[in-house]
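Structure first, commentary second.
Each chain gets a letter, A, B and so on, in the order its sequence line appears, and its residues count up from 1. Values reported hereafter were calculated over all heavy atoms of this structure, with side chains retained and with hydrogens, waters and symmetry mates removed. Values in this document were obtained by computation on a predicted structure and should not be read as measured data.
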Protein chains: 2
Amino acid sequence: MAAKRSGAESKQSRRTVASPRQGPEPRGEAPLSLERIVASAVELLDAEGLDGLKMRRLADRLGAGAMSLYWHVGNKEAVFDLALDAVLEYRRSPEIVAPQDWRGEIIHMLEDWRAGMLRHPWSASLLPRRALGPNILSRLELLGKTLSKAGVADADLNVAIWSLWNYVIGATITRANFELSDDDRAAAQQRLTDLSQHYPTIERSRLLLDNDWDGAFRKGLDFLLDGLAPRE
Amino acid sequence: MAAKRSGAESKQSRRTVASPRQGPEPRGEAPLSLERIVASAVELLDAEGLDGLKMRRLADRLGAGAMSLYWHVGNKEAVFDLALDAVLEYRRSPEIVAPQDWRGEIIHMLEDWRAGMLRHPWSASLLPRRALGPNILSRLELLGKTLSKAGVADADLNVAIWSLWNYVIGATITRANFELSDDDRAAAQQRLTDLSQHYPTIERSRLLLDNDWDGAFRKGLDFLLDGLAPRE
DNA sequence: GAATGACTCGTACAGCGTACGATTCAATGT
DNA sequence: ACATTGAATCGTACGCTGTACGAGTCATTC
């Protein structure tokens with residue numbers, strides 16, 4: 001589903017093959033490059049969050065003037081796109097997985113996906129608003145192929161893919177944004193207890209105190225997979 | 001799970017009981033009030049999206065000075081919180097639903113939830129970052145109660161609730177942000193076709209051309225509910 | 001009629017993304 | 001040897017943002 005608005009092109013549509021460049025940096029500063037910019041943006045996003053990424057601060061980190069970035073990136077939106085794509089790469093598990101273990105393969109890929117995004121929590125909020133880059137498409141392709149092998153009917157394939165997508169996206173965004181201190185969580189549950197005549201069920205189940213996010217993700221995924229392709 | 005940062009308090013912690021106020025508006029302008037501000041903010045968000053909400057523009061719409069808003073709302077974050085909460089109310093279907101039709105009840109509530117957010121597409125992106133307001137908690141309570149009645153074990157209840165939450169949030173955010181023109185969609189699929197040696201499965205299933213979002217939401221929900229509480 | 005408090009708003013400021021143009025330097029053509 | 005070009009950098013400036021601050025306007029209460 002491509003880009004909604006994927007950020008303008010930079011002026012250099014093809015990078016020069018790059019002469020080694022020995023000259024003009026007076027200190028030990030490396031020259032500016034797309035790669036350095038993206039790497040630095042990811043660091044900055046990890047450290048300061050979505051709102052913390054400012055063009056001036058990014059340039060400062062790189063020892064460059066703010067406007068120098070615009071030679072390489074077009075605009076700030078493009079920085080987000082590039083940082084997101086840089087973070088979503090998937091390398092299939094190196095050890096040979098039993099080829100008929102479709103369930104294990106899916107679970108591994110989706111857990112890796114979620115873990116990767118949680119390592120960079122800004123990425124989860126960013127993902128749905130952006131283009132489907134090659135790394136995402138690869139994951140969707142692997143998902144579709146594996147589900148198909150597992151016996152999901154062609155007519156149900158898209159629904160199955162989007163269901164798993166929805167689940168992963170929803171779980172990860174929620175997890176990334178509900179990172180609360182124990183105090184916050186206790187206070188929230190206390191508030192619930194105070195209002196327990198309004199919310200008796202979720203108060204009793206201690207919904208807001210349940211801290212096992214990883215386990216809950218896995219269990220819910222199992223339920224969904226059970227629905228999509230019942231175990232024999 | 002309460003507020004992460006729910007926006008500062010306004011100066012008026014309790015509203016005055018309000019004398020009818022006949023005096024000072026020279027034109028037919030109603031006096032400023034929290035209600036008017038929130039209603040106007042929702043309109044503005046619907047019309048211009050998340051980035052379109054500016055304090056000055058909001059004030060203009062209300063025929064007020066920009067700084068007048070700050071008597072009522074604390075800061076801009078609070079406007080977002082209030083607008084979100086205003087949009088997420090749930091009124092259970094008025095006609096009496098067959099009390100043992102737990103599946104119908106859940107589907108109705110979740111489809112209504114999704115539909116409500118899609119009527120205000122900014123709300124979906126906003127929801128996960130915000131506090132759980134009373135309207136959300138009510139929906140979670142109804143969910144938990146109904147699932148419990150349907151026979152979901154207490155030990156699985158939280159997982160079931162969060163799974164459905166994840167699914168709804170993920171589906172709605174995706175839907176709200178992938179609102180593309182037909183041209184965009186065709187271009188995206190074309191790009192896929194060009195690369196079909198890389199993505200044969202999702203190209204063949206026409207993943208990006210499938211336009212039946214409502215149907216896909218419903219079918220995926222059915223799969224998930226099958227997994228959570230197998231039909232007898 | 002003085003005091004209080006609810007409410008409004010003009011001005012000002014720091015910080016943002018980025019348009020524009022000047023500048024520097026290496027590579028190239030002659 | 002010199003001029004031209006184009007890649008890359010950056011200083012300055014502009015319009016726009018959220019909001020701090022303080023002065024203003026009323027209605028209500030003593």
Side-chain angles (χ1 to χ4, degrees), chain A residues 5 7-27 29-37 40-41 44 48-81 83, chain B residues 5 7-27 29-37 40-41 44-45 48-83:
Chain A
R5 34 168 181 162
E9 300 285 315
S10 72
K11 281 107 199 166
Q12 41 128 24
S13 49
R14 282 219 272 150
R15 298 206 50 67
T16 38
V17 194
S19 54
R21 190 81 140 96
Q22 79 286 9
E25 54 272 16
R27 242 40 94 243
E29 323 257 33
L32 228 39
S33 73
L34 245 197
E35 293 71 25
R36 285 190 66 224
I37 290 174
S40 230
L44 193 50
E48 316 269 359
L50 275 179
D51 294 341
L53 179 63
K54 317 282 165 72
M55 296 304 273
R56 284 177 233 253
R57 304 229 298 167
L58 182 53
D60 282 352
R61 273 189 176 237
L62 292 162
M67 291 313 293
S68 306
L69 303 181
Y70 285 89
W71 176 259
H72 302 269
V73 293
N75 59 25
K76 191 184 177 182
E77 296 280 297
V79 178
F80 281 125
D81 286 342
Chain B
R5 35 166 180 166
E9 300 287 315
S10 72
K11 282 103 197 170
Q12 42 129 25
S13 50
R14 281 219 274 152
R15 298 205 50 69
T16 37
V17 192
S19 52
R21 192 78 140 96
Q22 80 283 12
E25 55 271 18
R27 240 42 93 241
E29 323 256 34
L32 228 39
S33 73
L34 244 197
E35 293 72 24
R36 285 190 67 223
I37 291 174
S40 229
L44 193 50
L45 285 163
E48 315 270 0
L50 275 180
D51 293 343
L53 179 62
K54 316 282 165 74
M55 295 305 272
R56 282 177 237 254
R57 304 228 299 168
L58 182 52
D60 282 352
R61 272 189 177 236
L62 292 161
M67 290 314 291
S68 306
L69 302 181
Y70 285 89
W71 176 260
H72 301 270
V73 293
N75 59 26
K76 190 185 178 183
E77 296 280 297
V79 178
F80 281 125
D81 285 341
L82 292 163

Phosphate OP1/OP2 of dC9(C) contacted by Ser68(B) side-chain N/O (<4.0 Å):
yes
What's the CG-P distance between Asn75(A) and dC16(C), to the nearest Å?
17 Å
Over how many whole Å does the gap from Asp51(B) atom CG to dG17(C) atom P extend?
13 Å
Within-4.5 Å side-chain heavy-atom neighbours: Val73(A) and Met55(A)
yes
Gap between atoms CE and P, on Met55(A) and dC10(D) respectively (whole Å)
14 Å
Those residues at least two apart in sequence (or on a different chain) that pass side-chain contact (heavy atoms from CB on, under 4.5 Å) with Met67(A) are Tyr70(A)
Could you check Ala66(A) against Leu53(B) and say which one's nearest nucleotide on DNA chain D is further toward the 5' end?
Ala66(A)
Atom OH of Tyr70(B) and atom C1' of dC9(C) are separated, to the nearest Å, by 13 Å
How long is the line joining CZ of Arg57(B) and P of dG15(D), in whole Å?
18 Å
Is Leu58(A) touching bases, backbone alone, or none of the nucleic acid, heavy atoms closer than 4.0 Å?
nothing
side-chain N/O His72(B) vs dA6(C) OP1/OP2, d < 4.0 Å:
no
Take atom NZ of Lys54(B) and atom P of dG17(C), then tell me their distance rounded to the nearest Å.
14 Å
With heavy atoms under 4.0 Å as the rule, sort Leu69(B) into base, sugar-phosphate or nothing.
nothing
Side chain of Trp71(B) only, please: which of dC20(C), dC7(C), dC16(C) is the nearest?
dC7(C)
Among dC16(C), dG10(C), dT8(C), find the nucleotide with the atom closest to the side chain of Arg56(A).
dC16(C)
To the nearest 0.5 Å, what is the distance between CG on Leu53(B) and CZ on Phe80(B)?
5.0 Å
Atom NZ of Lys76(A) and atom C1' of dG15(C) are separated, to the nearest Å, by 12 Å
Side chain of Met67(B) only, please: which of dG17(C), dC21(D), dG18(D) is the nearest?
dC21(D)
What pairs of residues pass the salt bridge (Lys or Arg N to Asp or Glu O under 4.0 Å) test when at least one of them lies in residues 58-71 of chain B, not counting sequence neighbours?
Glu43(B)-Arg61(B)
Contact between Leu62(B) and Leu69(B) at the side-chain level, heavy atoms closer than 4.5 Å - yes or no?
yes
Just wondering, do Ile37(B) and Leu82(B) contact through their side chains at under 4.5 Å, heavy atoms?
no
In whole Å, what is the span from the CG atom of Leu50(A) to the P atom of dC16(C)?
15 Å
Five-pair end axes of the helix from dG1(C)-dC30(D) to dT30(C)-dA1(D), angle between them (10°):
20°
Counterpart residues, side-chain hydrogen bond (donor to acceptor under 3.5 Å, both in side chains), relative to Arg57(A) (two or more places apart):
Glu48(A)
